[in-house]
Q: 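I'd like to ask some things about the structure below.
Protein chains get the first letters and strands the later ones, always in sequence-line order, with residue 1 at the start of each.
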2 protein chains.
Amino acid sequence: MVSNQARQPDRADVPEVVVTRLPQYVRVLNRLLEEGIEVVSSQQLGAQLQVTPAQIRKDLSYFGRFGKQGRGYSVRHLHDRLRDILGLNSYWNVAVVGVGRLGRAILSYPGFTPDGFHLVAAFDTNEDVVGLQVGDLTVRSIDELEEVVSGQNISIAIVAVPVRFTQEVIDTLIDCGVRAILNYAPTSPQVHDGVRIRNIDPVIALQSMTYYLADSPEH
Amino acid sequence: MVSNQARQPDRADVPEVVVTRLPQYVRVLNRLLEEGIEVVSSQQLGAQLQVTPAQIRKDLSYFGRFGKQGRGYSVRHLHDRLRDILGLNSYWNVAVVGVGRLGRAILSYPGFTPDGFHLVAAFDTNEDVVGLQVGDLTVRSIDELEEVVSGQNISIAIVAVPVRFTQEVIDTLIDCGVRAILNYAPTSPQVHDGVRIRNIDPVIALQSMTYYLADSPEH
DNA sequence: GGATGTGAAGTATTTCACAGCC
DNA sequence: GGCTGTGAAATACTTCACATCC
């Protein structure tokens with residue numbers, strides 16, 4: 001049956017760890033593209049990311065057969081296919097909730113747009129902030145969330161509000177149909193099945209490393 | 001032999017996933033402390049973090065027996081013990097390398113200090129930046145790295161330099177004795193065994209979520 | 001000859017389930 | 001009665017190893 005065709009596996013059949021590695025592969029492939037390299041083996045790709053070649057081949061096999069035996073993978077082809085699989089060839093409208101110091105930094109961070117993420121709306125509760133112009137966006141009241149999120153087909157939100165409001169804000173976002181959340185607040189919000197959340201949490205990251213330093217003499 | 005005493009397991013015997021969960025437990029325990037709650041069960045703790053009670057008990061069992069059957073865990077005691085295990089009762093001196101827009105945001109982020117991480121030195125290569133005062137630190141030339149890192153017992157570094165310099169900077173840091181790195185550059189640097197690295201990478205985080213949204217009609 | 005794709009084998013991690021204790 | 005601590009069972013994930021194909 002299916003031969004050289006890419007599979008369209010049920011999303012639930014693919015382990016989530018595999019999905020989290022795909023963007024990394026895309027990033028390396030992108031660099032190889034820029035360097036004009038046309039073919040890459042799982043061996044070479046793995047060396048870039050400290051991942052075994054077998055793992056890369058297995059990961060890719062969830063989605064199809066992209067390589068040529070004896071040769072490797074076409075950088076361009078694999079890159080394009082992985083971007084397709086991840087949905088990175090679409091534009092994604094993103095809302096930012098919380099326009100404090102951190103929210104403003106996020107709004108002016110230039111790294112999201114080249115990857116297809118467009119920050120199209122910013123919200124805050126603070127009346128002093130609502131109405132302000134930040135970059136090319138006007139900060140809106142959180143009361144307008146529902147209208148804007150459905151009106152502009154926003155399915156991703158970045159949350160940068162104080163911890164005590166985070167759960168409430170995320171609940172509201174989910175009610176409004178948001179299905180993916182990037183949370184910058186130092187807390188682990190609860191989300192029901194079917195909603196994805198990733199926490200950006202530098203303090204937690206540091207705290208999980210000190211364990212391995214803890215036998216050092218002095219810091 | 002060992003009975004109610006906390007074990008001191010070989011660091012290598014504890015799965016790394018377990019270690020990454022401990023700081024989350026600490027954070028919840030900290031909140032419970034503030035709320036004046038004195039005892040907590042693995043059930044309750046798990047509910048806060050969407051983790052099964054069995055997992056929490058198993059995780060803790062790598063380090064000792066902290067609970068009381070029929071009752072649960074003393075919030076204060078478990079909190080203190082976990083902080084000890086993670087080395088969070090020490091002060092940690094941290095260097096920041098790269099004082100561009102992002103580096104400055106990190107240097108002025110108030111969230112590290114309360115958790116025992118002290119940003120004690122900032123480095124950059126750019127001559128226009130070296131010598132500048134940022135917060136209460138003077139930006140130093142990267143040439144002074146070795147001297148300062150060993151002189152001030154710095155074993156943790158935060159890296160926020162452009163991608164093309166990241167690997168080189170990290171190699172230098174490791175040469176100077178740094179053993180834990182928090183990397184904000186959008187790349188996956190290579191580090192040898194015995195060095196810990198965590199990447200803060202919001203774009204990768206977003207890209208691993210779009211996979212699950214990709215069957216939506218329109219974005 | 002060299003590299004993929006993949007069942008099978010091997011590890012790692014999570015969950016079960018229950019004896020033991022408060 | 002309720003909850004911990006933990007071997008054993010179940011599940012998830014990674015690596016092996018090789019048939020297959022370019």
Q: Among side-chain atoms of A/Gln207 and B/Arg27, is any donor-acceptor pair under 3.5 angstrom?
A: no
Q: Answer yes or no for A/Arg11 and B/Tyr211: cation-pi contact, defined as NZ/CZ to six-membered ring centre under 6.0 Å and angle to ring axis within 45°.
A: yes
Q: Please state whether the base of D/dT14 and the side chain of A/Gln55 form at least one donor-acceptor pair under 3.5 Å?
A: no
Q: Tell me: CZ of A/Phe66 to P of C/dT6, nearest whole Å?
A: 11 Å
Q: Identify which nucleotide among D/dT4, C/dT4, C/dT14 has an atom closest to any side-chain atom of B/Tyr73, counting heavy atoms from C-beta outward.
A: D/dT4
Q: Taking for each residue the nucleotide of DNA chain D with the nearest heavy atom, is it A/Val14 or B/Gln43 whose nucleotide lies nearer the 5' end?
A: B/Gln43
Q: Once hydrogens and angles are ignored, does a donor-acceptor distance under 3.5 Å link the base of C/dG5 to the side chain of A/Arg57?
A: yes
Q: How long is the span from the CZ atom in A/Arg31 to the CD atom in A/Gln48, to the nearest 0.5 Å?
A: 4.5 Å
Q: Rounded to whole angstrom units, what separation is found between the CZ atom of B/Arg81 and the P atom of D/dG5?
A: 13 Å
Q: If we count only N and O atoms by modelled type, under 3.5 Å, do the side chains of A/Arg179 and A/Ser155 hold a donor and an acceptor together?
A: no
Q: Kindly state which residues belonging to residues 18-41 of chain A come within less than 4.0 angstrom of DNA chain D, counting heavy atoms of the residue only, listed by number.
A: A/Arg21
Q: Rounding to a whole Å, what distance do you find between A/Ile56:CD1 and D/dT15:P?
A: 11 Å
Q: How close or far is atom C1' of D/dG2 from atom NZ of B/Lys68, stated in whole angstroms?
A: 15 Å
Q: Please say which of A/Leu86, A/Val40, A/Leu82 ends up in a side-chain contact (heavy atoms from CB on, under 4.5 Å) with A/Tyr25.
A: A/Leu82
Q: Less than 4.0 angstrom between a side-chain N/O of A/Tyr62 and OP1 or OP2 of D/dT14, yes or no?
A: no
Q: May I ask you to decide if A/Gln152's main-chain N or O and A/Asn93's side chain share a donor-acceptor pair within less than 3.5 Å?
A: yes
Q: Looking at B/Thr52, does any N or O in its side chain come under 4.0 Å of the phosphate oxygens OP1/OP2 on C/dT14?
A: no
Q: Between B/Glu16 (CD) and C/dT13 (C1'), how many Å, whole number?
A: 14 Å
Q: Atom CG of B/Leu45 and atom C1' of D/dT4: how far apart are they, to the nearest Å?
A: 13 Å
Q: Just to confirm, is there a sub-4.0 Å distance from OP1 or OP2 of D/dC22 to any side-chain nitrogen or oxygen of A/Arg71?
A: no
Q: Rounded to the Å, how far apart are A/Asp59 CG and D/dC13 P?
A: 11 Å
Q: For a side-chain contact (heavy atoms from CB on, under 4.5 Å) check, start with the C-alpha distance between B/Val39 and B/Val75, then their side-chain angles and the critical distance, and finish with the verdict.
A: CA-CA 5 Å; B/Val39 175; B/Val75 173; 5.6 Å; no
Q: Does atom CD of B/Glu16 have more than 12 heavy-atom neighbours, drawn from other residues, nucleotides or ligands, at distances under 6.0 Å?
A: yes
Q: Counting only side-chain heavy atoms from C-beta out, which of D/dT15, D/dT4, C/dT4 sits nearest to B/Gln69?
A: D/dT4
Q: For C/dT4, does OP1 or OP2 lie under 4.0 Å from any side-chain N or O of A/Ser42?
A: yes
Q: What's touching nucleotides 7-11 of chain D from the protein side, N or O pairs under 3.5 Å?
A:
| from | atom 1 | to | atom 2 | distance (Å) |
| --- | --- | --- | --- | --- |
| D/dG7 | N7 | B/Lys58 | NZ | 3.3 |

Q: Flag the pair A/Phe66 / A/Ser74 as yes when at least one side-chain heavy-atom distance between them is below 4.5 Å, and no otherwise.
A: no
Q: Would A/Arg81 pass as a cation-pi partner of A/Phe63, given that its NZ or CZ must be under 6.0 Å from the six-membered ring centre and within 45 degrees of the axis?
A: no
Q: Rounded to the nearest angstrom, tell me the gap between atom CG in B/Leu60 and atom P in C/dT14.
A: 13 Å
